[in-house]
J.: 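Before anything else, here's the structure in question.
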Amino acid sequence: MAKSKKNHIEEFDKCDFTPIFDYLEREKEKRKAMSKEEKQRLKEEKLQLEEKYGFCYLDGRKQKVGNFRIEPPGLFRGRGKHPKTGSLKLRVQPEQVTINIGKDAKIPEPPAGHSWNKVIHDNTVTWLATWKENVNENIKYVFLAANSTLKGQSDFKKFEKARELKDIVAKIREDYNRDMKSKITAIRQRATAMYFIDRLALRAGNEKKEGEEADTVGCCSLRFEHIKLGPSNVVHFDFLGKDSIRYQNTVTVEVQVYKNLKVFRRHSETEKDQLFDRVNTQELNKHLSSYMEGLTAKVFRTYNASHTFQEQLKNTPVSGTVNEKILAYNRANREVAILCNHQRTISKTFDNQMNRIEDKIRALKYQKMRLKKTILTLDPKLKKKRPELDEPESDLGEDWCEEYEKHLEEKEKEKYRKKFEKDNDKRKEEGKKPLPESELNAQLKEAEEKTKQFAKERKTGKIDVKKSQTVEKVEVQIEKTDERIKAANLTKVEKEENKTTALGTSKINYIDPRISAAWCYKYDVPIDKIFNKSLRDKFKWAMEVDKDWEF
DNA sequence: AGCACCACTTAGGAGGCAAAAT
DNA sequence: ATTTTGCCTCCTAAGTGGTGCT
């Protein structure tokens, strides 16, 4: 890098990272090979470190610190097409770090031979330490953890602010619908931008430094290249948002919005031009603050997320099982995640997982098919009365059935072989003669016969019924199988729907936790089914609400 | 008005670990 | 007993939005 006068790596293909990879693999193996005691000791050391550095006292109360381990040196990656990807991120030295601590508190010792940049006593900010990172020259901080009272208070304030918006949102909508026809372009643009922020939950879209950051946009920084106008008021959005996550959406917009977009386009020169060239986030937020103190674009995301969630929760089945209620909860959560465009990359094993579920469903359907045939064998007269018993199961091809029967056979054979081996080991120990091979062979033959029998039964529809079976008993078995098919299908649907949608971000940042708490009380769902330990901790300020509490 | 700077929230991925499935 | 999965914690980048200076 020094020779080429480049300050960052451009082609990673030309780097050989295998020594680093191998080293890490070896370390992993070492850890794996450790004895229980060693692992325990390591764990305790870690805990000790956390006890020492992981807590602080705020107004006399012990609080957890969020990120007390400073960033180690490495190669900066960044998200998306970041111009600085591959830059060397240097080690942060104590001399760069400013400590913020109470006047009378004991100042933490810097590492031996080093000193802090500064020690200050500013109680108007929440950070405990700060430094500047060398790649983007961003200021970094050590803050308190999410479960601290300080963060809890500001969370509470955030949601209260969003609830305040509820009372004036109708007026704001009325205003921007009116302003949409304003003769003044800036106002017209602002109204159109407001429409996007409110109805599509777009982020504000501050300006970014060209060439120093990834080219991503929000509402105010949208360019014409990011939208396509279709027929009948349809607008296609396609742009990279925060973290270079792609936002793709096709929306039928209000007539006036559509008209405005056309007009703005006509007055522009190229696709690279800003859609709202006379609007920026500061002005837009200033306008919003005239409605209500502290109202900004971001409040709309919080408001719409929480509002949508509460509305969606109305689909909870009152008399359903806890699982069905949780499914409804997750559905509501998912609606919000989709609204906010919270995505995740498809897991490497997704297709695999999907195939397994489908196989499981087919296996259940196969069972059901045999059960139905059993009933008809027991009582052939039912064929006329209940034609559904004679109908084939969906998705169960002839080939699949044959393969599945073969699979069952193999499994059974394997079971026999294992048992045979185990029995003989035992006999050997007891000094007995081993069982003859012929015994095993007879069992294997039996398994083969069973497969033939299954195939025959499947073709003729006549099942070799056990004496104890009755129509009623089989009926119950079918019901149970149906339930299992239903449950497996639900898992499949959820998995499919969660393929690219991340629920966590909206749950942690956008949905007022009091909605969830009230919902739990109202529908009698234990709160730990929807909030894990750390979320319950983070949201402890929200736990004591009435079951009828509303956002 | 335009900016640099600052403080804070929001964001998705990696990896570890425990529970569930096989 | 072993493998798979799914949840959780950690990590730090990338946003939003405020302030104060020129």
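All figures in this text were calculated on a predicted structure; none of them were measured in a lab. Chain naming here is simple, since letters A, B, ... match the order of the sequence lines and numbering starts at 1 in each.
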J.: Which residues satisfy the salt bridge (Lys or Arg N to Asp or Glu O under 4.0 Å) test with A/Lys413, sequence neighbours excluded?
T.: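 So A/Lys413 forms a salt bridge (Lys or Arg N to Asp or Glu O under 4.0 Å) with A/Glu409, A/Glu448.
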J.: For A/Tyr291, give me all partners under ring-ring contact (aromatic ring centres under 6.0 Å, His included), at least two apart in sequence or on another chain.
T.: A/His287
J.: OH of A/Tyr247 versus P of B/dT10: gap in Å, rounded?
T.: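 Between P of B/dT10 and OH of A/Tyr247: 19 Å.
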J.: Which residues satisfy the side-chain hydrogen bond (donor to acceptor under 3.5 Å, both in side chains) test with A/His307, sequence neighbours excluded?
T.: none
J.: Only counting residues at least two apart or in another chain, list the ones meeting side-chain hydrogen bond (donor to acceptor under 3.5 Å, both in side chains) with A/Asn509.
T.: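 Scan of A/Asn509 (side-chain hydrogen bond (donor to acceptor under 3.5 Å, both in side chains), adjacent residues dropped) gives none.
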J.: By side-chain hydrogen bond (donor to acceptor under 3.5 Å, both in side chains), which residues pair with A/Thr500, not counting sequence neighbours?
T.: none
J.: May I have the distance from A/Phe350 (atom CZ) to C/dG6 (atom P), rounded to whole angstrom?
T.: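 Taking atom P of C/dG6 as the reference, CZ of A/Phe350 is at 11 Å.
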J.: With sequence neighbours excluded, tell me which residues meet ring-ring contact (aromatic ring centres under 6.0 Å, His included) with A/Phe68.
T.: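 Counting only residues at least two positions away or on another chain, A/Phe68 forms no ring-ring contact (aromatic ring centres under 6.0 Å, His included).
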J.: Give me each pair satisfying salt bridge (charged side-chain N to carboxylate O under 4.0 Å, His left out) with a member in residues 208-223 of chain A, each pair once, sequence neighbours excluded.
T.: A/Asp215-A/Arg223, A/Arg223-A/Glu225
J.: In residues 127-141 of chain A, which residues come under 4.0 Å of DNA chain B by heavy atom?
T.: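 Heavy-atom cutoff 4.0 Å gives A/Trp127, A/Ile139, A/Tyr141.
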J.: Could you work out, with salt bridge (Lys or Arg N to Asp or Glu O under 4.0 Å) as the rule, every residue matching A/Glu403, not counting sequence neighbours?
T.: none
J.: Using a 4.0 Å cut-off on heavy atoms, which residues in residues 288-302 of chain A reach DNA chain C? List them by number, or say none.
T.: A/Thr296, A/Ala297, A/Lys298
J.: When you check every protein heavy atom under 4.0 Å of nucleotides 14-22 of chain B, what one-letter string (B, S, -) results, 5' to 3'?
T.: --S------
J.: Check the distance between C/dT3's P and A/Asn352's CG and give it to me in whole angstrom.
T.: 16 Å
J.: Sequence neighbours left out, what passes side-chain hydrogen bond (donor to acceptor under 3.5 Å, both in side chains) with A/Asn532? Give chain and number order.
T.: A/Ser534
